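Just below is one structure, and these are the notes that go with it.
Remember, predicted model here, so these are calculated numbers, not experimental data.
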Amino acid sequence: MAFENTNMFNQRIKIKQLLSGTATGTEVVVMGWVRTFRNNQFIALNDGSTNANIQIVASLGKFDEAILKRITTGASLKITGTVVESLGKGQTVEVKATSIEILGDSDAEKYPLQPKKHSLEFLREKAYLRFRTNTFGSVFRIRHSLAFAVHQFFNDRGFLYLHTPIITSSDAEGAGEMFRVTTLPLEGAPKNDAGEIDFTQDFFGKSTNLTVSGQLEGELGAMAFSDIYTFGPTFRAENSNTTRHLAEFWMIEPEVAFNDLEDNMNLAEDFIKHLIAYVMKNNIDDLQFLDTRLAEEEKQLPTEKRSGLGLIEKLKFVVENGFERITYTEAIEILLNSTHYKKKKFTYDIKWGIDLQSEHERYLVEQHFKKPVIVTGYPAAIKAFYMRMNDGCEPGKETVAAMDILAPGIGEIVGGSQREERLEKLEARMDAMHIPLHEMSYYLDTRRFGSVPHAGFGLGFERMVQFVTGMTNIRDVIPFARTPKNCEY
RNA sequence: UCCUCCUUAGCUCAGUUGGUUAGAGCACAUCACUGUUAAUGAUGGGGUCCUCCGUUCAAGUCGGAGAGGGGGAGCCA
């Protein structure tokens, strides 16, 4: 029996487990942080395993005043006690304490978190403590589940998780401004004959940066393992100050040999649905909390700004319905025929060849289709060099086999394409876009030796977390956000 | 980077046409009460009104510059 093992008897039980049906009369040890201490008798204790607190009862007169004084919001405790049916109304069971040990004090006057609602902006500045709030507890448990579901999805389909490098020497991807990585001194860096900084003397003997995407390396892996994915941090030094951009963010990039654009879309749609379904199955408590929170927040908004669907309703809808699939050309036609356009309500003009603006994407997703939309066949002129040229295009209206998935409230959540596997066409495109071929010969080699049709996409992990949690600011879905002028903790 | 709004107690906010000692709720401290649910009641402490410069007899309030933050746009995931 477990009771013969004193270690077992002392072992901590997580609050989530305790609340999910521990028999009354059981002796338990729980540890956690004090959320509130009511009536000098009732401790709401939380250990992060769930938003639900366990109520600890410190019966009057049984404990030292000196100990009770130290039970303050934020303090950490070790409680030994008995699980009993609760006499109060807020919970079914509680723990009647037989011993209370203060593990760590928390000066009530200085502890920043109070048992009340704080603004997200305030908590953002206290990012090291916000995990202890219900909102961020839910957000980061869901973030964890999503990360796990990513690996589960690909593993179940026989994909290989490829670790692509963080430091790269390639700067030809054009995905954005890069952070330089160097050990050269800022003052008095060595110069070459041309007066430029001499990177041959740098750590790697050449100019290096933090990666903006693992895609090119991912393609190299797919040319051997057929199905790979990457999942790691990426870095963009863009001066973007928005609710959906970070300087350091996590991206998932599957790359699949022998897939065409259609396969690619199917994979992306299945993937997104799997992630949502996983969270709905495993984090329903946290979703419910966020759903309620969001509904209360929406009450403050004017009617026209409300989303109409609750968070869980929205997720359920996405899982159960097919994404709308349209071509770029069709999208332009829908926009041109919209009353919104005819009433001149768009700021940016619309004609074939433009890149779709946020307002256009939002109209398609939120007004016209009211569901996620996959747009394919963008003009070649506005897309990256590695995207496959569509055959048989009208001259001047060349398109590529690209696809973007647009989600309500977030905009572009996935960007992908079938890749150009034909060497001559790829070289011609790179030439036209002034991409130095010699620096990319490793990449071009995949087209020289056993090139195959292949396709892949990138999904911004934080944007996915935003979509699932309903958090409107991307800084609130990553533990420690890195944005322009902000790198705290 | 551009547009726009904001900055008053630890937090959330009020502060009238510029006027004398800048307020509230919560938090915190003390006391009371004791099956509470963000406990309750009483009392108390707590302020660089973001910073600098200017206008004025007088600036939290008006003007200028700067800093920080929110929202939107661009770039993108």
Side-chain angles (χ1 to χ4, degrees), chain A residues 34-44 52-61 68-69 72-74 84-91 94 96 106-126 133-134 173-177 212-215 233-253 268 301 305 346-348 355-362 382-384 404-407 410-416 457-467 472-478 483-486 488:
Chain A
V34 177
R35 286 286 175 87
T36 63
F37 184 30
R38 290 183 293 266
N39 230 351
N40 219 24
Q41 218 182 144
F42 304 103
I43 306 163
N53 301 319
I54 182 73
Q55 172 155 290
I56 308 295
V57 182
S59 300
L60 285 172
L68 296 178
K69 276 247 177 249
T72 55
T73 306
V84 296
E85 218 171 288
S86 180
L87 298 172
K89 289 202 178 88
Q91 56 283 316
E94 60 195 18
K96 204 175 175 72
S106 172
D107 185 336
E109 201 162 353
K110 290 181 183 149
Y111 186 62
L113 302 184
Q114 300 161 17
K116 63 170 259 184
K117 199 170 154 52
H118 290 288
S119 67
L120 294 175
E121 291 81 10
F122 171 72
L123 291 171
R124 220 169 277 156
E125 287 174 12
K126 301 269 180 282
T133 65
N134 286 335
E173 291 161 48
E177 287 295 309
V212 293
S213 160
Q215 184 202 310
T234 47
F235 308 87
R236 307 266 168 101
E238 298 287 348
N239 190 13
S240 295
N241 294 286
T242 79
T243 53
R244 53 192 192 285
H245 288 88
L246 292 164
E248 176 181 300
F249 65 100
W250 287 65
M251 191 152 61
I252 296 137
E253 295 177 292
L301 295 174
K305 283 203 159 183
F346 287 118
T347 307
Y348 291 86
D355 206 354
L356 295 178
Q357 302 293 319
S358 287
E359 58 174 357
H360 304 143
E361 295 179 348
R362 291 185 70 125
I382 57 170
K383 286 290 181 181
D404 283 359
I405 300 185
L406 311 176
I410 317 280
E412 188 179 339
I413 192 165
V414 163
F457 62 85
L459 177 134
F461 187 58
E462 282 75 18
R463 289 193 182 169
M464 190 66 207
V465 182
Q466 272 189 284
F467 186 74
T472 52
N473 194 316
I474 200 165
R475 292 156 207 205
D476 295 331
V477 298
I478 188 165
T483 53
K485 300 276 189 296
N486 177 22
E488 289 298 309

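For A:E94, the side-chain contact (heavy atoms from CB on, under 4.5 Å) partners are A:Q55, A:V57, A:V84, A:S86, A:Q91, not counting sequence neighbours. With sequence neighbours excluded, the residues satisfying side-chain contact (heavy atoms from CB on, under 4.5 Å) with A:T242 are A:R244, A:H245. Evaluation of the salt bridge (Lys or Arg N to Asp or Glu O under 4.0 Å) rule for A:E462 yields A:R143 as partners, not counting sequence neighbours. For A:F346, the ring pair (Phe, Tyr, Trp, His ring centres under 6.0 Å) partners at least two apart in sequence or on another chain are A:H340, A:H360, A:Y363. Residues passing the ring pair (Phe, Tyr, Trp, His ring centres under 6.0 Å) test with A:F457, sequence neighbours excluded: none. Remark: A:H118 pairs with A:F122 by the ring pair (Phe, Tyr, Trp, His ring centres under 6.0 Å) rule, at least two apart or across chains. For A:R35, the salt bridge (Lys or Arg N to Asp or Glu O under 4.0 Å) test picks out no residue, with sequence neighbours left out. Every residue two or more places apart in sequence or in another chain that forms a salt bridge (Lys or Arg N to Asp or Glu O under 4.0 Å) with A:K110 is listed here: A:D107. A:R124 pairs by the salt bridge (Lys or Arg N to Asp or Glu O under 4.0 Å) definition with A:D476, not counting sequence neighbours.
When heavy atoms are screened at a 4.0 angstrom cut-off, A:T242 is found touching base atoms of the nucleic acid. Using a 4.0 Å heavy-atom cutoff across all strands shown, A:K110 reaches no nucleic acid atom at all. Residue contacts shown for A:K126 are absent, as no nucleic acid heavy atom lies under 4.0 Å away. Using a 4.0 Å heavy-atom criterion, one finds that A:I410 contacts no nucleic acid atom at all. Within 4.0 Å of A:E125, counting heavy atoms only, lies no atom of the nucleic acid at all. A:E248 comes within 4.0 angstrom of no nucleic acid atom, judged by non-hydrogen atoms across all strands. Among the atoms of the strands shown, only primed sugar atoms or phosphate atoms (P, OP1, OP2) are found under 4.0 Å from some heavy atom of A:R475.
Taking atom P on both B:C2 and B:G25, the two are 43 Å apart, rounded to the nearest angstrom. For the C1' atoms, the distance linking B:G64 with B:U55 amounts to 11 Å, nearest Å. For the C1' atom pair drawn from B:U4 and B:A9, the interatomic distance equals 29 Å after rounding to whole Å. Taking the C1' atoms as reference points, B:U7 lies 12 Å from B:G60, given to the whole Å. Rounded to whole Å, the separation between the C1' atoms of B:C52 and B:A67 comes to 11 Å. When the P atom is compared between B:G19 and B:A58, the two are found 14 Å apart, to the nearest whole Å. Remark: the separation of the C1' atoms in B:C5 and B:U20 is 33 Å, to the nearest Å. On the P atoms, B:C49 is 32 Å away from B:U40, given to the nearest whole Å.
The distance between atom CD of A:E412 and atom C1' of B:C76, rounded to the nearest whole Å, is 7 Å. Across the protein-nucleic acid pair, A:N53 atom CG and B:U37 atom P stand 15 Å apart, rounded to whole Å. Across the protein-nucleic acid pair, A:I382 atom CD1 and B:G74 atom P stand 13 Å apart, rounded to whole Å. For A:Y348 and B:G72, the OH to C1' distance is 10 Å, given to the nearest whole Å. One interatomic measurement links the two molecules: CD1 of A:I54 to P of B:U37, which rounds to 18 Å at whole-angstrom precision. The NZ atom of A:K89 sits 14 Å away from the P atom of B:A38 (whole-angstrom rounding). The distance between atom CG of A:L68 and atom P of B:C31, rounded to the nearest whole Å, is 13 Å. Put simply, NE2 on A:H360 is 12 Å from P on B:A73, counting in whole angstrom units.
Looking at the side chain of A:Q41, the nearest of the listed nucleotides B:C75, B:U34, B:U37 is B:U34. For A:E109, the listed nucleotide lying nearest its side chain is B:C28; candidates were B:G35, B:C28, B:U34. The side chain of A:N473 lies closest to B:G71 when the candidates are B:U37, B:G71, B:C76. Taking every side-chain heavy atom of A:Q55 into account, B:U37 is the closest of B:C75, B:G71, B:U37.
Distance alone, capped at 3.5 Å, is enough to place a donor-acceptor pair between the A:E359 side chain and the A:T347 backbone. With A:N473 contributing its side chain and A:R475 its backbone, the two residues share a donor-acceptor pair below 3.5 Å. No side-chain donor-acceptor contact under 3.5 Å links A:E177 to the backbone of A:E238.
The side chain of A:T243 places an N or O atom within less than 4.0 Å of a non-bridging phosphate oxygen (OP1 or OP2) of B:G72. Between A:Q357 and the phosphate of B:A73, there is no side-chain N or O to OP1/OP2 separation shorter than 4.0 Å. Considering only side-chain N and O atoms, A:R124 lies under 4.0 angstrom from the phosphate OP1 or OP2 of B:G70. Taking side-chain N and O atoms only, A:S86 has no distance below 4.0 Å to OP1 or OP2 of B:G35.
Partner of A:I43 under the side-chain contact (heavy atoms from CB on, under 4.5 Å) criterion, out of A:N53, A:I56, A:I54, A:T36: A:I56 alone.
You'll find a donor-acceptor pair under 3.5 Å spanning the side chain of A:Q114 and the base of B:G10, going by distance alone. In this model, no side-chain donor or acceptor of A:E359 finds a partner on the base of B:G72 within 3.5 Å. If you check distances only, the side chain of A:S240 never reaches the base of B:C76 with a donor-acceptor pair under 3.5 Å.
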Listing time: all N or O pairs from protein to nucleotides 12-14 of chain B that are below 3.5 Å?
from  : atom 1 : to     : atom 2 : distance (Å)
B:U12 : OP1    : A:S119 : OG     : 2.8

Atom pairs under 3.5 Å, N or O on each side, protein against nucleotides 39-41 of chain B: can you list them with distances?
from  : atom 1 : to    : atom 2 : distance (Å)
B:A39 : OP2    : A:T36 : OG1    : 3.1
B:A39 : OP2    : A:R38 : NH1    : 3.0
B:A39 : N6     : A:N39 : OD1    : 3.2

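Nearer to the 5' terminus of RNA chain B, by closest-nucleotide assignment, is the contact made by A:T72 (compared with the other of A:T72 and A:G460). Between A:K485 and A:L356, the residue anchored closer to the 5' end of RNA chain B is A:K485, taking for each the nucleotide with the nearest heavy atom.
Looking at heavy atoms from C-beta onward, A:I474 lies in side-chain contact with A:L246 at the 4.5 angstrom threshold.
When every heavy atom of A:N40 is checked against every heavy atom of A:L60, the shortest pair comes out as O-CD2, 4.3 Å.
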**Study point:** Structure string for RNA chain B in dot-bracket form, Watson-Crick and G-U at under 3.5 Å, | interchain
**Key:** (((((((..((((.....[...)))).(((((.......))))).....(((((..]....))))))))))))....
